[in-house]
Every structure is written in C-alpha cells, then in structure tokens.
Number of protein chains: 2
Amino acid sequence: MAKAGMPDDRDVAAGRGPLDRPPSLVDKLAQRLQADIRAGRYPPGSRLPAEQTMCALYRVSRATVREAVGRLKHDGLVASRQGAGAFIAESGLPAVFRLDIADFSDAQEIRNIVELLIAVEAAASEHAARRRTAGDLEIIRARLEAMQTAIDRNEPGVDEDLTFHRSIIEATHNPFFCDLSDFLDQRVRRFIRTARANSARFLGLTQAVQGEHQAIFAAIASGDGPGARAAAERHLLNAAARLELYLER
Amino acid sequence: MAKAGMPDDRDVAAGRGPLDRPPSLVDKLAQRLQADIRAGRYPPGSRLPAEQTMCALYRVSRATVREAVGRLKHDGLVASRQGAGAFIAESGLPAVFRLDIADFSDAQEIRNIVELLIAVEAAASEHAARRRTAGDLEIIRARLEAMQTAIDRNEPGVDEDLTFHRSIIEATHNPFFCDLSDFLDQRVRRFIRTARANSARFLGLTQAVQGEHQAIFAAIASGDGPGARAAAERHLLNAAARLELYLER
DNA sequence: GAAAAAAAACTTGCCAGACAAGCGGACAAG
DNA sequence: CTTGTCCGCTTGTCTGGCAAGTTTTTTTTC
C-alpha cells in the first residue's frame, strides 16, 4: 500500500518531510500587503490600489494579485465590492484568529495546546454550572449515562467522552468557547489517535475517569461554579498526566 | 460629516444595511470542496483531482479553481506540491482556527469575547506565576512601574496597561496564550475605543486599578499560581463590570 | 534480465489578454 | 434641485499559454 516517492516515517523523523519550498509569489505578496496594512501604509477603511495598479507596482500578474488579496479577504482584513474596489477593514485587524499548529509531532507544541485546552474547558465548566438551563442539564446527564453504558460494555467510548464534554461546553451558551474547545479537542485527540493506535490507555474510559465525570456533573447540577471548575481542572490535569507519560516515551 | 447615500442608523437598525450579495463562484466552490473533504469524499492524505479535472467537474475556469484551492491551502486543509498535485492534510482538519466576529456592535458578542479573554488571561497569570524566569519578572516589574509613572502624570496610559498585561502573558512561554490573548485583547480595546472616545473611564488608569495590578505582580513574583489567577480574575472582572456599565447604555 | 538513463505525460505556478457585471462621478435634461 | 444617461474604472470570471517540477513509461546499457 506504500506509494513510491511518498515520504515515509524515516524521512519525516529526519525533518525531510514536506520540504520547505521557497515561498511562492502569492505568499510573499500576501505577507507584504499584510505588513503594509499593519504598518499603516494602507489605512483602515481606505481602498487598496486597483489590481492592475498592484500588478505594475509589485511586478506580478493579476492572477497572483487576486489570489493574494483573496487570502486577505478570507481573513477578513479586506472586503471587496465588484466595481468599487477592495477596502481595508475598518478595524484594520483580521477578523479571524489564525492558530497555526506548525509541527504536530512536537511534544512541546502539544503540551501548549493542552494547556490552553484545559484553561478553556475549566472556565467553560464554571460558566456552565452557573448558566445551564434545565434542558442543558438533561442533555449532559444523558451523555453521562451513555458513557456509563459504554464502560459497562467495555467499549472504548471515545465518542461518548467527546460528546459529554461538548455538552458541557455548549451549556455555556458562548459560541466562542464551543468553537475553540472543539478545535483544540479535535486536534489533541487526533494527535493521540494517530500517534498510537491503542489510545484507550490514555484517553479511554475507566471507572476512575467516570468518577471524575460524575464529580463535574454534580457540581454543574448544583450550580456550583468554582466546584465545577475545580472538578474539570482535576479531570483534565489527570488526562494530561496520562498524555505526558506517553510524550516522554 | 455625514456622507450622502450612506445608510444611516435607521436603515441599519431595520436590517436594510449593505444587502447580501450572491456568493461568488470561488466562495461556493471553496465551501463545496471543504464540505466534500469533511464528508470524506476526498479522504485525508489523498490527492485532490487535477485543476483541469475540477474545471470540467464543476464547470468553472482554472483561475476560479486555483483561487478556491488557494483558500483551502491558506487554511492548512490542503497542501500542494508543484508538479505533484494538491493533497488533503493528513489530519483532514484545517490547521487554523477561525474565530469570526460577525457583528462588532453586538453587545452579547462582546460579552462572549470578554468572557473568553478573562478565561485565557487568568489561566495565563497562573502559569506565569509558576514559570516566570527572573528576566520575565524584571520586565513585568518595569512595565508596572511605567504604569505608575503614567498615573502620576495623569496620562491615559492605555498602552502601558496593554504592555503590562502582555508581559505577563509572555511569561507563560506558551505562544498560543500570547497569540490568542493578543487577538482578543486588541479587539476588545478597539471596540471600546471606537465605541466611545473617552474610553479612559472604562479602561483608563486609576490608583485602584493599579492596586489590582500590584496584587497580580506580587502573586507572580512569589510564584503563587492560584493567587495570581485569583488576582487576575478579580482585576478583569472589575474591568468587565466597568465595560458592562457602558454596554447597558 | 536488471539497473540506469532518457523521454514522455501530467500537474502546479505564473502570466497575458479579454469580456461581462457592477460602481462612481460627470453631465445634461427636466 | 432632482432625475436619468453615459462613460471610465474596478472586480469577477474565462480562455489560452509557457515554465518548472514530478511521476510514469520507455529506452538504453550492462
């Protein structure tokens, strides 16, 4: 199944994976435009030069300009109107946060992500305890029971674990918590799953883990914000400690 | 100063602002490709069809395909190698987190952002207390003193406030905390500044605020993690309360 | 027959030119 | 002073093409 020419594990380990290509023209132009905007050469609200003007200015074709500007547009830094031009955002700042995970195999990078994840989920648990509706609580309880069922059947239950946590985050009714937690969680789990097949040892369900979950649920049910935070933090730190065992080989 | 033809407040309030344009071909194609990838029609690690193939498949020109694919590339969802093709990321997930702030003037949106900001900065303060080097502490102390100087001179000192907080975040030595905190902080401050000129009343320096800063510094200096978190949380909640006074008109 | 070298076939990166759709200001008519 | 028309400019999209890089096939050579 291994394709010829594909970089194998040895290559990646030696840092010869997807080798660093010289940045493309689009890359350089987009970066330069972004720098010019940040430096104030193109003030917020003003119009960017016309595409053809930029072609002459930067000595590239219109396609290149369009792709570079399209990138900024995608980041919410500029907005274009057909016939009128492309305008710098009023804020002068990109509307989207770019969290680039440069190296997925770097242990320190994973630690940093996990640290942020813990901060977000712990705070979310506290807010969930204070704001959860009766309906939220019912959903969380159902997820908790689904997990218990998985445990009793000796199933891995990774999905049940994920949805349980998700239901808590959603009880914050703060979409930013949901989105960020989703993003981080998916990546951490993906890392663990791809790094080692039998991830159950690290993220899998045990009765001990379930006990931590029950503690979180109890605190949320009783509206105990600090308690929910503490319980969530304890649970996540334990999970991080298991992960650490693996990271250290 | 009001420009003719600009939609005034009544229009915007009635939802008659800049009307929604039909999404461009590039928008639709990029979204469709992203959906196809997420649905598994293009599995992770596999190669995307050649550009000309997609031209025929989606009935668009190559420029359009290139721009759409370039967008996915920008999000880290695909990576292309000249001569070889464009490949779906191994993770099958975008490498960047998109935090879209849909409506900058929505009070609830700002509250949600502030909530996340508090969670991040409080956790960062705790980590900073545990991990700060002697050099970090020296920088933080300098920033704190710079702020005292600003207060004594009756200056607004908004920048000094910002850099003080930044120096704490940087002491976590976790770039994700730095980047995210930066992003959120800039936007919250921008919102306040543009919403009202005399923002000093809400974010400005007073001796009371400075007292809170000193408490954070003391906890970080003594390596007291929970204390630093509590002090930071108290400080930020107070700031949020001042902000709330404004949001409620 | 097998390994090495050369050629061919694709594929992306970039470019030039073109046309339609939409915007903005000028300008004349009422 | 308003209204309608026109014209230049700008973006959105298309077509066609060349250079550079990669993969596959063929040919050559030992």
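All chains are named by letter (A, B, ...) in the order of the sequence lines, taking the proteins before the strands, and each is independently numbered beginning at 1. Just so you know, these numbers use all the heavy atoms, side chains as well, and skip hydrogens, waters and symmetry mates.
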*Counterpart residues, salt bridge (charged side-chain N to carboxylate O under 4.0 Å, His left out), relative to Arg131(B) (two or more places apart)*: Glu115(A)
*asked:* In this structure, how many angstroms lie between the P atom of dG13(C) and the CG atom of Leu25(A), rounded?
replied: 11 Å
_Can you list everything that forms a side-chain contact (heavy atoms from CB on, under 4.5 Å) with Ala124(B)? Sequence neighbours excluded, please._
Ile169(B), Thr172(B), Phe177(B)
*Once you round it to whole Å, what is the distance between C1' of dT12(C) and CE of Met54(B)?*
11 Å
*Return the set of residues passing salt bridge (charged side-chain N to carboxylate O under 4.0 Å, His left out) with Arg62(A) (not counting sequence neighbours), or none when no residue passes.*
Glu51(A)
_In whole Å, I'd like the distance from the OH atom of Tyr58(B) to the P atom of dT13(D)._
16 Å
N/O to N/O distances under 3.5 Å, protein versus nucleotides 3-10 of chain D:
unit_1  : atom_1 : unit_2   : atom_2 : d
dT10(D) : O2     : Gly83(A) : N      : 3.3

*Among residues 63-72 of chain B, which residues get a heavy atom nearer than 4.0 Å to DNA chain D?*
Thr64(B)
_Exercise: identify the closest heavy-atom pair between Ser80(B) and Lys73(B)_ = OG-CD, 3.2 Å
_Going by salt bridge (charged side-chain N to carboxylate O under 4.0 Å, His left out), name the residues that satisfy it together with Asp182(A), two or more places apart in sequence or in a different chain._
Arg166(A)
*Contacts of Arg98(A) that satisfy side chain to side chain donor-acceptor pair (under 3.5 Å) - sequence neighbours left out*: His74(B)
Output one line per pair: protein atom, nucleotide atom from nucleotides 17-19 of chain C, and distance, for all N/O pairs under 3.5 Å.
unit_1  : atom_1 : unit_2   : atom_2 : d
dA18(C) : N6     : Arg62(A) : NH1    : 2.9

*Return no unless some side-chain N or O of Lys73(B) is found under 4.0 Å from OP1 or OP2 of dG13(C).*
yes
*salt bridge (charged side-chain N to carboxylate O under 4.0 Å, His left out) with Arg71(A): which residues, sequence neighbours excluded?*
Asp27(A)
*Would you call Arg66(A) and Glu67(B) a salt bridge, taking side-chain N to carboxylate O under 4.0 Å as the test?*
yes
*Taking only residues two or more places apart in sequence or in another chain, which ones pass side-chain contact (heavy atoms from CB on, under 4.5 Å) with Ala63(A)?*
Ser61(A)
*asked:* Using whole Å, what does the distance between atom P of nucleotide dT11(C) and atom CG of Leu57(B) come to?
replied: 14 Å
*Got a sec, which residues hit side-chain contact (heavy atoms from CB on, under 4.5 Å) with Pro49(A), two or more places apart in sequence or on another chain?*
Tyr42(A), Thr53(A), Met54(A)
*Whole-Å gap separating P (dT13(D)) and CZ (Arg59(B))*: 17 Å
*Listed by chain and number, what are the side-chain contact (heavy atoms from CB on, under 4.5 Å) partners of Ala240(A), not counting sequence neighbours?*
Val114(A), Ile118(A)
